K.L.:
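Please read through the structure below; I'll follow up with questions.
These figures come from a predicted structure and were not determined experimentally.
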Amino acid sequence: MATKGSCACGDIEFQFPGEPAATALCHCTDCQKWTGGAFTSNAVVPRASFRVTKGTPKAWDAVGGSGKLNRHFFCGRCGSGLYTELEVMPEQTCVKAGALDGGAAGLGGRVDVEFYTKDRVAYLGPCGEGARQEPAFGS
């Protein structure tokens, strides 16, 4: 069974098979700026099985806290953030949970890890019960 997602205007659609390899929240300042929110929520899936099935996303590159490239993909029409390909994770794609269709943004209630907790906004505590708390990526 495939999980599907799309942007707000419907110009871009994507899918991936099966369940995510992991679910993660990222509190880094790059994700905060990119989303205009306190963090990103992500379904981490194998890059080889992730497919854009409609449209062509635009991309924006940023250098992450790791010093490596983070390529953010978004809809050029409505601006919806869709997914990120991180140079530090060349085999994975971080799909933005808010872009998942059918109410899947909740990631099935599962958060495996929260990254960049050192940058977490002061009004939030840990968001995922039992989620591993990492001050940075790979710390």
K.L.:
List the atom of Ser41, the atom of Leu107, and the distance in Å for their closest heavy-atom pair.
P.N.:
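Answer, listing the atom of Ser41 first, then Leu107: CB-CD1, 4.2 Å.
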K.L.:
For Thr84 and Lys96, does a side-chain donor sit closer than 3.5 Å to a side-chain acceptor?
P.N.:
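The answer is yes; a qualifying pair exists.
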K.L.:
Could you pull out all residues at least two apart from Asp101 that satisfy side chain to side chain donor-acceptor pair (under 3.5 Å)?
P.N.:
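For Asp101, the residues satisfying side chain to side chain donor-acceptor pair (under 3.5 Å) (neighbours in sequence not counted) are Ser6.
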K.L.:
Does one hydrophobic cluster hold both Phe16 and Tyr83, with members joined at side-chain heavy-atom distances below 4.5 Å?
P.N.:
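Yes, it is one cluster - the side chains of Phe16 and Tyr83 are joined through contacts under 4.5 Å.
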K.L.:
On the 0 to 90° scale, with breaks at 30° and 60°, tag the Phe50-Phe14 ring pair as parallel, tilted or perpendicular.
P.N.:
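The rings of Phe50 and Phe14 sit tilted, inter-plane angle from 30° to 60°.
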K.L.:
Using every non-hydrogen atom in the two residues, find where Leu69 and Asp61 come nearest and quote the distance to one decimal.
P.N.:
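The answer is CD1-CB, 3.4 Å.
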K.L.:
Is the backbone of Ala8 close enough, under 3.5 Å, to the side chain of Arg77 for a donor and an acceptor to pair up by distance?
P.N.:
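Checking the backbone N and O of Ala8 against the side chain of Arg77, no donor-acceptor pair under 3.5 Å is found.
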K.L.:
Has the side chain of Thr35 got a donor or acceptor atom that lies under 3.5 Å from a matching backbone atom of Gly37?
P.N.:
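Yes; judged by distance alone, with no hydrogens or angles, the pair exists.
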K.L.:
With a 3.5 Å distance limit and no angle check, can you tell me whether Asn42 reaches the backbone of Ala24 through a side-chain donor-acceptor pair?
P.N.:
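Here the side-chain-to-backbone pair exists.
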K.L.:
Would a single hydrophobic cluster contain both Ile12 and Val95, if residues Ile, Leu, Val, Met, Phe, Trp and Tyr are joined by side-chain heavy-atom contacts under 4.5 Å?
P.N.:
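Yes, same cluster.
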K.L.:
Has the side chain of Glu114 got a donor or acceptor atom that lies under 3.5 Å from a matching backbone atom of Cys127?
P.N.:
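Pair found, side chain donor or acceptor close to backbone of Cys127.
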K.L.:
Glu134 side chain to Phe115 main-chain N or O, any donor-acceptor pair under 3.5 Å?
P.N.:
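No, Glu134 side chain to Phe115 backbone: no donor-acceptor pair under 3.5 Å.
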K.L.:
Hydrophobic cluster membership, with links at side-chain heavy-atom distances under 4.5 Å among I/L/V/M/F/W/Y: are Leu25 and Val121 in one?
P.N.:
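Yes, Leu25 connects to Val121 through the hydrophobic network.
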K.L.:
Checking Thr23 side chain against Ala43 main chain: does a donor-acceptor pair fall under 3.5 Å?
P.N.:
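No: the side chain of Thr23 does not pair with the backbone of Ala43.
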K.L.:
To the nearest 0.5 Å, what is the distance between NE2 (His72) and SG (Cys94)?
P.N.:
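Atom-to-atom, His72:NE2 and Cys94:SG are 10.0 Å apart.
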K.L.:
Among residues at least two apart in sequence or on other chains, which ones pass side-chain contact (heavy atoms from CB on, under 4.5 Å) with Ala21?
P.N.:
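Expected list: Gln92.
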K.L.:
Which atom pair, heavy atoms only, marks the closest approach of Gly55 to Pro57?
P.N.:
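Shortest heavy-atom separation between Gly55 and Pro57 comes out as O-CD, 4.0 Å.
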K.L.:
For the side chain of Asn70 and the backbone of Ala62, is there at least one donor-acceptor N/O pair under 3.5 Å apart?
P.N.:
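Checked: no pair found.
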K.L.:
Would you give the length of the straight line joining atom CZ of Phe39 to atom SG of Cys31, rounded to the nearest 0.5 angstrom?
P.N.:
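Answer rounded to 0.5 Å: 11.0 Å.
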K.L.:
If hydrophobic clusters are built by linking Ile, Leu, Val, Met, Phe, Trp and Tyr wherever their side-chain heavy atoms come under 4.5 Å apart, do Phe73 and Val52 end up in the same one?
P.N.:
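Yes; tracing contacts between hydrophobic side chains, which count when under 4.5 Å, links both residues.
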K.L.:
Please examine the side chains of Val44 and Pro20, heavy atoms only from C-beta on, and report whether any two atoms are closer than 4.5 Å.
P.N.:
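No, their side chains stay 4.5 Å or more apart.
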K.L.:
Would you say the side chains of Gln32 and His27 form a donor-acceptor pair under 3.5 Å?
P.N.:
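Their side chains do not contain a donor-acceptor pair, so the 3.5 Å distance test is not met.
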K.L.:
Which atom pair, heavy atoms only, marks the closest approach of Asp11 to Cys7?
P.N.:
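What the structure gives for the nearest pair is N-SG, 3.3 Å.
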K.L.:
Are Tyr123 and Val111 grouped together when hydrophobic residues (ILVMFWY) are joined by side-chain heavy atoms under 4.5 angstrom apart?
P.N.:
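Yes, Tyr123 connects to Val111 through the hydrophobic network.
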K.L.:
Please indicate whether Glu19 has more than 12 foreign heavy atoms, meaning atoms of other residues, nucleotides or ligands, lying under 6.0 Å from its CD.
P.N.:
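No - once you tally the heavy atoms of other residues, nucleotides and ligands closer than 6.0 Å, there are 12 at most.
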K.L.:
So, for Phe74 and Gly79, which heavy atoms are closest and what is the spacing to 0.1 Å?
P.N.:
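Shortest heavy-atom contact: CB-O, 4.2 Å.
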K.L.:
List the atom of Lys118, the atom of Pro135, and the distance in Å for their closest heavy-atom pair.
P.N.:
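Closest approach of Lys118 to Pro135: CG-O, 3.0 Å.
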K.L.:
Does Lys4 pair with Glu13 as a salt bridge, N-O distance under 4.0 Å?
P.N.:
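Judged by the 4.0 Å cut-off on N to carboxylate O distance, Lys4 and Glu13 do not form a salt bridge.
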K.L.:
Walk me through it: do Cys75 and Cys9 pass the test side chain to side chain contact (heavy atoms under 4.5 Å, CB included)?
P.N.:
CA-CA 9 Å; Cys75 176; Cys9 73; 3.8 Å; yes
